[in-house]
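Letters A, B, ... are given to chains in the order of the sequence lines, protein chains preceding strands, and every chain is numbered from 1.
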Protein chains: 2
Amino acid sequence: MNIEQAAKQLEALGNPTRLQVYRTLVRAGDSGLPVGSLQEKLGIAASTLSHHLHRLILTGLVTQERQATTLICRANYPAMDSLVGFLVDECCVDAPCAVGEGEAAA
Amino acid sequence: MNIEQAAKQLEALGNPTRLQVYRTLVRAGDSGLPVGSLQEKLGIAASTLSHHLHRLILTGLVTQERQATTLICRANYPAMDSLVGFLVDECCVDAPCAVGEGEAAA
DNA sequence: AGGCTATTTCGACGATCGTTGAAATAGCCT
DNA sequence: AGGCTATTTCAACGATCGTCGAAATAGCCT
């Protein structure tokens with residue numbers, strides 16, 4: 001995980017609408033959610049949702065799988081995991097802090 | 001931590017320059033770093049840095065303390081901690097994943 | 001007070017974002 | 001083939017961003 005990639009993912013999550021989309025997907029778990037359901041749940045224009053979804057997919061945070069005419073969206077857990085890892089990564093290289101208590105600097 | 005706040009913080013970290021600033025501060029640890037040193041390290045205009053720093057401070061990710069004429073900047077670890085917590089929070093409410101293995105849903 | 005250094009504020013610029021409705025496309029079903 | 005639903009692409013818009021240099025301010029020191 002380089003800094004450019006991390007910044008792109010953070011930027012992708014840094015929009016309220018997109019963060020909501022992402023969280024909804026996270027909650028939905030492995031079964032995922034069709035674009036249409038997502039749209040209903042969030043109450044935004046289909047084109048807007050499609051746009052945001054596209055960005056989320058570009059950064060690797062979300063994946064899609066076709067099932068007939070509907071597209072199932074899923075949160076990409078490992079991607080988030082490694083993003084969080086990056087955030088905590090260099091934490092406290094020479095100072096104590098609450099987060100990395102011995103695992104980050106190991 | 002609400003979604004608006006989280007989005008603001010993620011957006012703040014979602015700019016390569018700002019993420020670099022933040023990470024530099026994280027590495028610097030509790031002793032922090034003066035604005036000037038930060039500027040030298042990153043090689044950007046002072047006004048640009050000041051602007052980014054301001055955004056980071058507004059979201060609560062960074063704090064400043066005055067020491068005579070120089071301003072010491074510090075990463076706010078607890079803030080990052082709670083942001084990461086938010087990200088992992090609702091993870092896998094009804095599906096298994098690698099990240100939250102029993103702590104998030106507790 | 002006067003000067004000096006550190007930092008911020010101001011003003012500007014092109015670039016990107018976020019949103020939408022309308023139109024185009026994808027893929028099923030009869 | 002023809003129609004139907006799901007989703008994306010297009011075109012557009014005002015709004016915000018990221019960057020900079022120049023000018024203003026903050027606070028110390030003599």
Q. Counting just side-chain N and O atoms, does B/Asn15 come under 4.0 Å of either OP1 or OP2 of D/dG18?
A. yes
Q | Closest nucleotide among C/dT19, C/dG18, C/dG21 to the A/Thr17 side chain | A | C/dT19
Q) Tell me: CZ of A/Arg18 to C1' of C/dT16, nearest whole Å? A) 11 Å
Q) So if you build clusters from Ile, Leu, Val, Met, Phe, Trp, Tyr with side-chain heavy-atom gaps below 4.5 Å, do A/Val26 and A/Ile72 land together? A) no
(Q) How many whole angstroms separate atom CG of B/Leu49 from atom P of C/dT9? (A) 13 Å
(Q) Return the OG1 to CD distance between A/Thr70 and A/Glu65, rounded to the nearest 0.5 Å. (A) 9.0 Å
Q: Begin with the C-alpha distance, continue with both residues' side-chain angles, and end with the deciding distance and a verdict on side-chain contact (heavy atoms from CB on, under 4.5 Å) for A/Phe86 and B/Leu19.
A: CA-CA 11 Å; A/Phe86 175 85; B/Leu19 185 52; 4.1 Å; yes
Q. What is the distance, rounded to the nearest whole Å, between atom CD1 of B/Ile72 and atom C1' of C/dA6?
A. 11 Å
Q.
Whether the side chain of B/Thr24 engages the backbone of B/Gln20 through a donor-acceptor N/O pair (distance < 3.5 Å, no angle test) should be reported.
A. yes
Q. Given pairs defined as Watson-Crick or G-U wobble with both distances under 3.5 Å, what dot-bracket annotation applies to DNA chain D, with ( ) intrastrand, [ ] crossing, | other strand and . unpaired?
A. ||||||||||||||||||||||||||||||
Q) Taking the side chain of B/Leu71 as its heavy atoms from C-beta onward, which of C/dT7, D/dC20, D/dG18 lies nearest to it? A) C/dT7
Q) Taking the side chain of A/Thr69 as its heavy atoms from C-beta onward, which of D/dG18, C/dC17, C/dG27 lies nearest to it? A) C/dG27
Q. OP1 or OP2 of C/dA6 less than 4.0 angstrom from a side-chain nitrogen or oxygen of B/Thr70, does that happen here?
A. no
Q) Atom NE2 of B/His51 and atom P of C/dT9: how far apart are they, to the nearest Å? A) 12 Å
(Q) Distance check needed: D/dA6 P versus A/Leu33 CG, whole Å only. (A) 14 Å
Q. Going from CG on A/Leu25 to NZ on A/Lys41, what distance comes out if it is rounded to the nearest 0.5 angstrom?
A. 10.5 Å
Q: Test B/Val21 against every option in B/Leu13, B/Leu33, B/Leu56, B/Asn15 by the side chain to side chain contact (heavy atoms under 4.5 Å, CB included) rule and name the one that passes.
A: B/Leu56
**Q.** Under 4.0 angstrom between A/Ser47 side-chain N/O and D/dT8 OP1 or OP2
**A.** no
Q.
On DNA chain C, compare the nucleotides closest to B/Ser37 and A/Ala46; which residue's is nearer the 5' end?
A. B/Ser37
Q: Just compare C/dG21, D/dC20, C/dG18 and give me whichever is closest to any side-chain atom of B/Ala45.
A: D/dC20
Q: Please round to the nearest 0.5 Å and tell me the distance separating atom CG of B/Asn76 and atom OH of B/Tyr22.
A: 7.0 Å
Q: Let me know the distance between CD1 of B/Ile44 and C1' of D/dG18, rounded to the nearest Å.
A: 10 Å
Q) Looking at A/His52, A/His51, A/Glu11, which one forms a side-chain hydrogen bond (donor to acceptor under 3.5 Å, both in side chains) with A/Arg18? A) A/His52
Q: Please determine, for the side chain of B/Ser50, which listed nucleotide (D/dC20, C/dT8, D/dC17) has the closest atom?
A: C/dT8
Q. So, for A/Gln9 and A/Thr59, which heavy atoms are closest and what is the spacing to 0.1 Å?
A. NE2-O, 2.9 Å
Q) To the nearest angstrom, how far is B/Gln20 atom CD from D/dG18 atom P? A) 14 Å
Q: Would you jot down, in residue-number order, the residues of residues 52-68 of chain B having a non-hydrogen atom under 4.0 Å from DNA chain C?
A: B/Gln64
Q) When you measure from the side chain of B/Val35, which nucleotide among D/dT8, C/dT7, C/dT19 comes out closest? A) C/dT7
(Q) Output the rounded distance in Å from CG (B/Leu42) to C1' (D/dG18). (A) 15 Å
Q: Hey, could you give me the CZ/NZ distance between B/Arg55 and B/Lys8, rounded to the nearest 0.5 Å?
A: 10.0 Å
(Q) Please pick, from C/dT20, D/dT7, C/dT19, the nucleotide with the shortest atom-to-atom distance to any side-chain atom of A/Pro34. (A) D/dT7
